[in-house]
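The next block holds one structure in the form of structure tokens; read it before the comments.
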Amino acid sequence: MPDTPLITPPVTRFAPSPTGHLHIGGVRTALFCWAYARRHGGRFVLRIEDTDQKRSNQDAARGILEDLAWLGIAWDDGPEFAPAKGDGPAGNGPRLGGDSRGVGPFNQSQRLGVYQEYLDRLVEADLAYPAFETAEELAAMRAEAQARKETYRYSRRADYERAAALAEMGRRDEAGEPYVVRFCMPNAPVHVTDAVLGEIEFAEQHTDDFVIRKADGFPTYHLAVVIDDELMGVTHVLRGQEHLNNTPRHVALQHALTHPDGTAFRTPVYAHMPLIFNPDGSKMSKRDKDKIVRRVVKAEPDAQARCLPHATQQDLDAWLSDKTRQLPPETLLSLAAEFGIDLPEIDVEDFRRSGYLSEALCNYLALLGWTPGMKNDDGTDLERFDTAFLCEHFSLERIGKSNAKFDREKLAAFNQSAIAAFPADVFASTLREWCLRYDPELLEAFGDRFDLAARAAQPRIKTLRQCREPIGFALTADDAIEFDPKAVKKALHKGEPNGLAMLAEFRETLAAVEPFEPEQIEAAVKAFCESREMGMGKLAQPLRVAITGGNVSPGLGETLGLVGKASALARIERCLRECQPG
RNA sequence: GGCCCCGUCGUCUAGUCUGGUCCAGGACACCAGGUUUUCAUCCUGGUAACACGGGUUCGAAUCCCGUCGGGGUCACCA
């Protein structure tokens, strides 16, 4: 279905519930909502759906704002937020959010009065009604239906007396006793037009009279979402396909609700996006992280003892015996560190910590369920692009219909090229920001050689976290380098003259190199080899072994420059002493 | 189980609406070569898919029906 020409600019919204960091699936939803608004000169609203008092918390809400800012997804209306320097593309940018249209507040918990107003009118018009069954009674009825192999559907009892029910509602309001309000689902099929999926008809007998006001007085998601979308002028609802079955409820509510002046609610354009799964087809769940750590902990014999510094015995036992239980993120992190486990990345924060760049993440995610459908000059499909491109070309009609599996390998490939594409100085400062947050020791360890370390690592890593690998030799003490016997044999013992002899000879030359920087070092090695009419490898490989213990390392100049002249000479001396044949 | 959605290489996908240009193109991964002082990068080449069965048609990945498979959802969670 083509996107209809838009007379008025669209308004999209992203409406997470603040129960933790932003889930990777939510990122894509937010990204598309934002891109769609930008593409058509509309507005992007961020709303916090905190109507579940038990699960919502303000730290999580704050975390989600940070996550979005880091990704460079800027909201026009919503909670105010000042991006910090490390917050990706939005860092040091203008303040995010605000309420220039006067449609806030944007936390649903602050809008209770609004919902109650609409709810009252619904009850008054007999489009909704109070219900007094207890949770136990409902559970019993469900069990009964289950036994008959039927799906339980709530509907108003035939002997329901409205006057008596309203009286009871009034009494309970006075007495502060709980009850719920249910919506009268109309007895007719509901048609939904979806920009991705097309026309869908939901037969009336499959949706029951659902709760719209909970016993604690809060609205349910269904009521709140419909009222807020209307009041905030939302024209396009992009969300995951898991919400498809909720849509007839929302459409029915839109038909029933009216503004105080009598005007009707409008139905927005819906676009339900395919879901994202793990490679094995399972759901990408925050619990995956707990699952993998729990498995390791259960398998380790002395696990309990090793866990205790990180968590109380009580919490641990509860967590170990209940598969649905989650440990606080920090605890999980320290346990993972304790047992050397790589946690699967699920939330934005996980990917950020693992050293993925927001550029790569956004690019990869945009491709999960959407393609620009354009070619590069060489005829290959265009799939590397930035968010500016996305904002210019995103369209609902090119959203796919089938679910996707999340492929970390491809993400890593995107990340690697994003890293490689940075100018050296930009990469160094990107890595520095990352280290500041996740690996300050590394920053400390390299000191004024940090930029060189970044330069050596840049072409060799897929994630920022991997930066220790190619330059790890520089973090080992000179006398702690372990010489790999195979490398020693190949590079130092073979040939005539052998590598050790080359090293002994080159020592003097190296000692004279000044300044001791990659370019000068490379030049010295080159000149040395040319003067003897031999290949660079004859000297380069022995040097590698002497400095790093193995035969793989960054460029020679970088490798030597990273340890510094004193260490380089010391390592060569030690190698000469300890790696003699026999 | 009811309802709803989906089904092209291992994975993400182009192509499906408007049937022929598709013995199906790209990307990631994998394999083989090449460049390079090692590694990484880079370059070249290769393996690999229209779920199945009917139908419509001169012709089907593309249209129709059925089967099978996958997913979502059936809460006082969102």
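Computed from a prediction, not measured in an experiment: that's the story for all the values here. The analysis underlying the following values was restricted to heavy atoms, covering all of them including side chains, and did not include hydrogens, waters or symmetry mates. The chains referred to below are lettered A, B, ... by the order of the sequence lines, with proteins before strands, and numbering in each begins at 1.
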Tell me the interatomic distance from [X], atom [atom1], to [N], atom [atom2], rounded to whole angstroms.
X	N	atom1	atom2	result
A/Phe414	B/rU13	CZ	P	12 Å
A/Asp407	B/rC9	CG	P	14 Å
A/Glu397	B/rA14	CD	P	13 Å
A/Ile399	B/rU13	CD1	P	12 Å
A/Tyr152	B/rC3	OH	C1'	18 Å
A/Asp381	B/rC12	CG	C1'	11 Å
A/Gln416	B/rC42	CD	C1'	12 Å
A/Glu199	B/rC5	CD	P	11 Å

Using a heavy-atom cut-off of 4.0 Å across all strands, would you classify [X] as base, sugar-phosphate, or nothing?
X	value
A/Val211	sugar-phosphate
A/Arg182	sugar-phosphate
A/Glu522	base
A/Phe277	sugar-phosphate
A/Glu242	sugar-phosphate
A/Asn403	sugar-phosphate
A/Pro279	nothing
A/Arg398	sugar-phosphate
A/His272	nothing
A/Gln458	nothing
A/Thr371	sugar-phosphate
A/Ala413	sugar-phosphate
A/Gly555	base
A/Asn246	base

Which value, in whole Å, describes the distance between the [atom1] atoms of nucleotides [N] and [M]?
N	M	atom1	value
B/rG26	B/rG46	P	9 Å
B/rU36	B/rU44	C1'	16 Å
B/rC6	B/rC63	P	12 Å
B/rA51	B/rG69	P	16 Å
B/rA32	B/rA24	P	25 Å

Modelled atom types, side-chain donor and acceptor of A/Arg239 and A/Thr247, under 3.5 Å: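 Distance-only check passes for A/Arg239 and A/Thr247.
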Can you tell me if A/Ser553 and A/Thr559 form a side-chain donor-acceptor pair at under 3.5 Å?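 A/Ser553 vs A/Thr559: donor-acceptor pair found between side chains.
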Geometric class of the [Y]/[X] ring pair [parallel <30°, tilted 30-60°, perpendicular >60°]:
X	Y	answer
A/Phe506	A/Phe528	perpendicular
A/Phe183	A/Phe210	tilted
A/His250	A/His222	tilted
A/His272	A/Tyr270	parallel

[X] has a side chain; which of [options] sits nearest to it?
X	options	answer
A/Arg544	B/rG72, B/rU37, B/rC77	B/rU37
A/Val552	B/rC39, B/rC28, B/rC4	B/rC39
A/Leu556	B/rA29, B/rU37, B/rA40	B/rU37
A/Leu138	B/rG25, B/rC76, B/rG7	B/rC76
A/Leu275	B/rG71, B/rC4, B/rA27	B/rG71
A/Arg55	B/rC76, B/rG72, B/rC77	B/rC77
A/Asp52	B/rC4, B/rA40, B/rC77	B/rC77
A/Glu49	B/rG72, B/rU37, B/rA78	B/rA78

How do A/Lys375 and A/Gly535 order along RNA chain B: which one's closest nucleotide is nearer the 5' end?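 Closer to the 5' end of RNA chain B: A/Lys375.
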Between A/Glu150 and A/Leu382, the residue closer to the 5' end of RNA chain B by nearest nucleotide is A/Glu150
Taking only N and O in the side chain of [X], is any of them less than 4.0 Å away from OP1 or OP2 of [N]?
X	N	answer
A/Arg142	B/rC76	yes
A/Thr19	B/rA78	no
A/Lys214	B/rC77	yes
A/Arg153	B/rC3	no
A/Arg213	B/rC76	no
A/Lys401	B/rC17	no
A/Lys283	B/rU73	yes

Return the pairing partner of B/rC3 with a 3.5 Å limit on both distances, Watson-Crick or G-U wobble; otherwise return none.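 Here B/rC3 is engaged in a pair, and the nucleotide opposite it is B/rG72.
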Under a 3.5 Å limit on both distances, the Watson-Crick or wobble mate of B/rA51 is B/rU67
Within 45° cone of A/Phe414 ring axis and under 6.0 Å: A/Arg384 NZ or CZ: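 Ring-cation test returns yes.
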Has A/Arg213 got its NZ or CZ under 6.0 Å from the middle of the six-membered ring of A/Tyr179, at an angle within 45 degrees of the ring axis?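 Yes, a cation-pi geometry holds between A/Arg213 and A/Tyr179.
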Do other residues, nucleotides or ligands put more than 12 heavy atoms under 6.0 Å from A/Arg532 CZ?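 Yes.
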Is there a donor and acceptor pair, one atom on the side chain of A/Thr151 and one on the base of B/rG1, closer than 3.5 Å? yes
Starting at CE of A/Met232, measure out to CD1 of A/Ile227 and round the result to the nearest 0.5 Å.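 Between atom CE of A/Met232 and atom CD1 of A/Ile227 there are 11.0 Å.
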